Trainee: 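Would you mind keeping the following structure in view while I ask a few things?
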Amino acid sequence: MTEEYFDIYDEQMNHIGTATRSETHAKGYWHRSFHCWLTRKEEDRRYVRFQLRQSSKDTCPDCYDITVAGHLSAGETMRDAARELQEEIGVTASFDDLIPLGQLREDTVGTAGGASFIDREVSDVFGFVCSLPLMELQLQAEEVAGVYEADLEELLQLFEHERSELVVSGVAVSQDGGQTPSVRSVRVEQFVPRQAEYYASVMRALRDCT
């Protein structure tokens, strides 16, 4: 399988060349990524969806994360990266329908599959309003183990440490490669480690997405 190449940057985000995905994470090159949070409104309640990363991921396996996220391949623009919605969960969306929520700069170190990684990336963050039923999502089994949904205000309480756990429902990839309903209890420490305010600030921004 041909390895993906990324555009890489220095600390000031000046383009300095390209590198393979494995080299980028091994040497800690700065690169770009796309974040998109799916939300929907039902009567007076707002819901947010998030994914469970597969155990085979090369960074932060088995963690809860943004609904859809992905690196920009070499030569891609952020507009191109909207393809991740279709690839990861089968949702078709125009880049122009995405709602800009800001930008995140991350510098993370860890271990996955017995190998150390240094993940330095700058991500453009978006919201997208989607009412497609969870069971109608088409999960990319190689990347996504499941997608779950929670009441936004309850999720915000979790990220602000006002509650210790939250029971959520969703859809998960089954052992036979299909999809099955799933209910889980989640805690804040099970999410990809990020700046303390990131998740809470995104929840507050999603309140007004229409």
Side-chain angles (χ1 to χ4, degrees), residues 1-38 50-89 91-128 140-145 159 189-203 205-206:
M1 184 175 179
T2 303
E3 191 170 4
E4 188 176 13
Y5 274 79
F6 298 156
D7 286 315
I8 57 174
Y9 304 84
D10 63 16
E11 288 274 350
Q12 289 72 45
M13 296 305 291
N14 297 306
H15 186 256
I16 59 174
T18 62
T20 63
R21 181 188 183 103
S22 58
E23 184 181 11
T24 298
H25 288 150
K27 296 185 177 180
Y29 291 129
W30 285 96
H31 53 290
R32 302 293 307 280
S33 67
F34 167 84
H35 290 186
C36 189
W37 291 86
L38 267 60
F50 54 94
Q51 75 161 257
L52 175 63
R53 295 166 65 85
Q54 274 291 7
S55 57
S56 58
K57 294 291 290 181
D58 59 354
T59 59
C60 303
D62 299 314
C63 288
Y64 295 110
D65 200 3
I66 302 134
T67 328
V68 170
H71 296 93
L72 271 65
S73 296
E76 280 193 318
T77 66
M78 201 59 65
R79 177 176 288 272
D80 297 325
R83 61 176 168 75
E84 294 284 353
L85 284 157
Q86 178 64 46
E87 291 180 3
E88 289 198 357
I89 62 173
V91 170
T92 301
S94 165
F95 180 79
D96 295 326
D97 291 330
L98 306 185
I99 302 162
L101 299 180
Q103 196 174 73
L104 174 69
R105 186 180 177 100
E106 298 180 272
D107 188 343
T108 307
V109 297
T111 302
S116 298
F117 67 82
I118 308 169
D119 193 12
R120 294 187 173 119
E121 59 186 60
V122 174
S123 308
D124 283 23
V125 186
F126 300 89
F128 180 62
Q140 184 182 22
E142 299 82 7
E143 300 281 338
V144 183
F159 293 130
E189 61 268 22
Q190 294 173 311
F191 282 78
V192 171
R194 289 195 167 91
Q195 299 169 12
E197 179 62 11
Y198 170 75
Y199 291 109
S201 64
V202 168
M203 295 305 109
L206 288 172

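Values in this document were obtained by computation on a predicted structure and should not be read as measured data. Just so it is clear, the values below take in all heavy atoms, side chains as well, and ignore hydrogens, waters and symmetry mates.
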Trainee: Give a yes-or-no answer on whether the side chains of S22 and E3 include a donor-acceptor pair shorter than 3.5 Å.
Mentor: yes
Trainee: Please report the interatomic distance CD(E106) to CD(E121), rounded to the nearest 0.5 Å.
Mentor: 5.0 Å
Trainee: Indicate whether the side chain of H71 and that of S33 have a donor and an acceptor atom separated by less than 3.5 Å.
Mentor: no
Trainee: Do you see a donor-acceptor pair shorter than 3.5 Å between the side chains of Q51 and T67?
Mentor: no
Trainee: Without hydrogens or angle criteria, can the side chains of Y29 and R120 be said to hold a donor-acceptor pair below 3.5 Å?
Mentor: no
Trainee: Indicate yes or no: at least one non-hydrogen side-chain atom of F50 is less than 4.5 angstrom from one of L38.
Mentor: no
Trainee: Would you call E142 and E87 a side-chain contact if the rule is heavy atoms closer than 4.5 Å?
Mentor: no
Trainee: Taking atom CZ of R79 and atom CZ of F34, what is their separation to the nearest 0.5 Å?
Mentor: 11.5 Å
Trainee: Do the non-hydrogen side-chain atoms of I66 and W37 ever get within less than 4.5 Å of each other?
Mentor: yes
Trainee: Any donor-acceptor pair under 3.5 Å linking the side-chain atoms of T59 with those of R53?
Mentor: yes
Trainee: For H15 and D7, which I'm curious about, is there any donor-acceptor pair between the side chains at under 3.5 Å?
Mentor: yes
Trainee: Let me confirm one number: the CG-NE2 distance from D119 to H31, rounded to the nearest 0.5 Å.
Mentor: 4.5 Å
